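Beneath this line is the structure, given in structure tokens, with notes to follow.
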Amino acid sequence: LGFGGAFTEAAAHNWIRLSPRDRAEVMRLYFAKPSEGGHGYTLGRVPINSCDFSVRPYTFDEVAGDRELEHFDTTVSHDVANGIV
């Protein structure tokens with residue numbers, strides 16, 4: 001296994017405000033080995049629905065009762081548009 005954290009919509013709102021250089025530094029700090037000054041993350045989790053760190057509630061399937069997920073947004077357009085992915 002490994003160690004990691006969740007990458008949420010709230011984090012993405014801050015992430016997109018960073019310069020490319022600062023984004024690279026954040027990634028280094030998360031994923032570099034502790035001996036290299038990082039936290040040593042090896043995993044990252046992205047929620048597939050809104051969570052308590054979302055700006056507003058959302059889902060990737062707004063059709064009630066769609067147990068077969070025929071209307072599931074496989075493009076995860078919400079997360080792409082909001083900088084999560």
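This chain uses plain numbering: 1 for the first residue, then up along the sequence. Note that this is a predicted model, so its numbers are computed, not measured.
By the 4.5 Å heavy-atom criterion applied to side chains, Y41 and M27 are not counted as neighbours.
Judged as a side chain to side chain donor-acceptor pair (under 3.5 Å), and not counting sequence neighbours, the contacts of D73 are T75, S77. Not counting sequence neighbours, the partners of A6 by the side chain to side chain contact (heavy atoms under 4.5 Å, CB included) test are T8, R45. Checked against side chain to side chain contact (heavy atoms under 4.5 Å, CB included), S19 has the following partners two or more places apart in sequence or in another chain: R21, D22. Scored by the side chain to side chain contact (heavy atoms under 4.5 Å, CB included) test, H13 finds E9, R17, V55, N82 as partners (sequence neighbours excluded). Here R28 pairs with E25 under the salt bridge (Lys or Arg N to Asp or Glu O under 4.0 Å) rule; sequence neighbours left out. With sequence neighbours excluded, the residues forming a ring-ring contact (aromatic ring centres under 6.0 Å, His included) with Y58 are F60, H78, listed by chain and number.
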For residues 29-40, tabulate all N or O donor-acceptor pairs below 3.5 Å that involve a side-chain atom, not counting sequence neighbours.
none

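Within the structure, side chain to side chain donor-acceptor pair (under 3.5 Å) pairs that include any residue of residues 60-71 comprise T59-E62 (at least two apart or interchain).
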